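Each remark here refers to the structure printed beneath this line.
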Amino acid sequence: MELIDGKAISAEIKDELKLKVEKLKSEGKEGCLAVIQVGNDPASSIYVKNKKKACEYIGIGSVSYELSENTSEEKLLGVIDDLNKNPDITGILVQLPLPSSICEDNIIKAISPEKDVDGFHPVNVGNLCGGRDCFVSCTPAGVIELLKRSNVDISGKSCVVIGRSNIVGKPMALLMLKENATVTICHSKTPNLKEVASKADILIVAMGKPKFVGAEYVKKGAVVIDVGIHRDENNKMCGDVDFEAVKDIASKITPVPGGVGPMTIAMLMKNCVKAIENK
Ligand code: NAD
């Protein structure tokens, strides 16, 4: 079994982006990511801090808007409208989840598609469906980079994606299709999950269930990508895959932590640089 090292690959990508940003600056092209957080959920605060740190590392600006938990939807829409119109802001990111009083869908739709570095706006999702150039959701885009940079052939392979969320499962399946895999999407209503999953050459698990996928879900020699992030009963990080049970069956596998996780921010930075290039 070979470990797919997301930490090393994400560092490589950020270094490539750093050089690209330097070059763009020399051509007079600069940009800035606006990060909006509503409320002070501790996990969201850590994500926001890490995103700003990554911007600093690759050499692009970032500004953060920390709005109180009881911010109204109108107020948030007003902030987004100002940022959409501000030519110095090249990327806008609203940290999810939002308080239940705000409709996430309205907020996602309000962000200008040209500044939607999360790739959640319906225009970007539609362009992804149509196979056109667009901002792609960062976690699934990160999985594609991991596979390519680990020399996994995708074309013609059978791929099973477990999970159909708008942020991970669905765009993941579309991206694998674009890479010419034969794709099956499984979800909570799929019968015979083990049987379907164990046919996959490439198994991508994004189901949000700690250590759910054991040995019987994995074909000998399959490539296993674990998107899940959890804390187990000992407060140790783990994924949706039971790593110990699967590691000797898979040919390549991502660990948690250090697999898909670090790729999400690297791909966000890639989208931020793309937004500057498109400016
Ligand atoms: P989600 O809860 O929105 O979606 C989970 C999906 O799994 C659903 O489509 C559901 O149908 C499917 N599912 C649930 N139980 C199932 C079962 N028993 N059998 C088959 N399918 C089942 O979650 P999400 O936002 O897609 O995230 C999935 C996991 O990935 C979570 O653990 C999340 O924390 C993690 N995540 C990690 C990153 C990262 O940067 N690494 C980013 C986003 C999400």
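None of the values given here were measured: they were computed from a predicted structure. Along the sequence shown, residues are numbered consecutively beginning with 1. Start at 1 and go down the list; that is how both ligands and their atoms are numbered.
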I would like to know whether L268 and D118 meet side-chain contact (heavy atoms from CB on, under 4.5 Å); could you show each step before the answer?
CA-CA 7 Å; L268 172 68; D118 256 340; 4.2 Å; yes
Which atoms of ligand 1 sit under 4.0 Å from any heavy atom of H230?
32 (O)
Quick one: does any side-chain atom of N84 pair with a main-chain N or O of I111 as donor and acceptor, under 3.5 Å?
no
Please assess R149 against E16 for the test salt bridge (Lys or Arg N to Asp or Glu O under 4.0 Å), listing each intermediate value before the final yes or no.
CA-CA 13 Å; R149 290 180 189 237; E16 289 165 12; 2.9 Å; yes
Does a donor on one side chain sit under 3.5 Å from an acceptor on the other, for K52 and S64?
yes
Does ligand 1 have any atom that is closer than 4.0 Å to a heavy atom of L193?
yes
Contacting atoms of ligand 1, where contact means under 4.0 angstrom from a heavy atom of F212
18 (N)
Numbering as shown, the atoms of ligand 1 that approach I162 to under 4.0 Å (heavy-atom distance)
20 (C), 21 (N)
Can you give each donor-acceptor pair under 3.5 Å made by side-chain atoms of residues 91-104, sequence neighbours left out, with the distance rounded to 0.1 Å?
{"residue": "Q95", "atom": "OE1", "partner": "K51", "partner atom": "NZ", "Å": "2.7"}
{"residue": "E104", "atom": "OE2", "partner": "L98", "partner atom": "N", "Å": "3.0"}

Tell me the protein heavy atom at minimum distance from atom 34 (O) of ligand 1, and give that distance in Å.
I229 O, 3.8 Å
Among protein heavy atoms, which lies nearest atom 20 (C) of ligand 1, and at what distance?
H187 O, 3.1 Å
S10 side chain to M263 backbone, donor-acceptor under 3.5 Å:
no
Closest protein heavy atom (residue, atom, distance) for atom 35 (C) of ligand 1
V227 O, 3.4 Å
Quick look: I167 vs ligand 1, heavy-atom contacts under 4.0 Å, and the answer is neither
So, applying salt bridge (charged side-chain N to carboxylate O under 4.0 Å, His left out) with E277, which one of K29, K20, K270 is it?
K20
Would you indicate whether K49, at its atom NZ, is surrounded by more than 12 heavy atoms from other residues, nucleotides or ligands within a distance under 6.0 Å?
no
Any heavy atom of A206 sitting closer than 4.0 Å to ligand 1?
yes
Distance from atom 14 (C) of ligand 1 to nearest protein heavy atom, with residue and atom:
M207 O, 3.6 Å
So for K209 against ligand 1, with non-hydrogen atoms under 4.0 Å, the contacting part is side chain
In terms of atom number and element, which parts of ligand 1 are under 4.0 angstrom from non-hydrogen atoms of G163?
6 (C), 7 (O), 9 (O), 12 (C)
Compile the donor-acceptor pairs under 3.5 Å between side chains in residues 122-130 and protein atoms, sequence neighbours left out, one pair per line.
{"residue": "N124", "atom": "OD1", "partner": "F135", "partner atom": "N", "Å": "3.3"}
{"residue": "N124", "atom": "ND2", "partner": "P113", "partner atom": "O", "Å": "3.2"}
{"residue": "N124", "atom": "ND2", "partner": "D116", "partner atom": "OD2", "Å": "2.8"}
{"residue": "N127", "atom": "OD1", "partner": "R132", "partner atom": "NH1", "Å": "2.8"}
{"residue": "N127", "atom": "ND2", "partner": "V123", "partner atom": "O", "Å": "3.4"}

Check whether any side-chain N or O of N180 sits under 3.5 Å from a backbone N or O of G156 as a donor-acceptor pair, and report yes or no.
no
Any protein heavy atom sitting closer than 4.0 Å to atom 4 (O) of ligand 1?
yes
Against heavy atoms of G228, which atoms of ligand 1 measure under 4.0 Å?
29 (C), 30 (O), 32 (O), 35 (C)
Looking only at protein heavy atoms, identify the closest one to atom 27 (O) of ligand 1 and say how far it is in Å.
V168 CG2, 4.4 Å
For atom 9 (O) of ligand 1, which protein heavy atom lies nearest, and how many Å away is it?
R164 N, 2.8 Å
Tell me if the CG atom of D81 is crowded by more than 12 foreign heavy atoms within 6.0 Å.
yes
Atoms in ligand 1 flagged as close to G261, the criterion being non-hydrogen separation under 4.0 Å
41 (N)
Starting from atom 10 (C) of ligand 1, locate the nearest protein heavy atom and write down its residue, its atom name and how far away it is, to 0.1 Å.
S188 N, 4.0 Å
Mind checking whether M263 contacts ligand 1 via backbone (N, CA, C, O), side chain (CB onward), both or neither, at a 4.0 Å heavy-atom cut-off?
neither
Could you grab the distance from atom CE of M267 to atom CD of E145, nearest 0.5 Å is fine?
4.5 Å
Identify the closest protein heavy atom to atom 39 (C) of ligand 1: which residue and atom is it, and at what distance?
T264 OG1, 3.6 Å
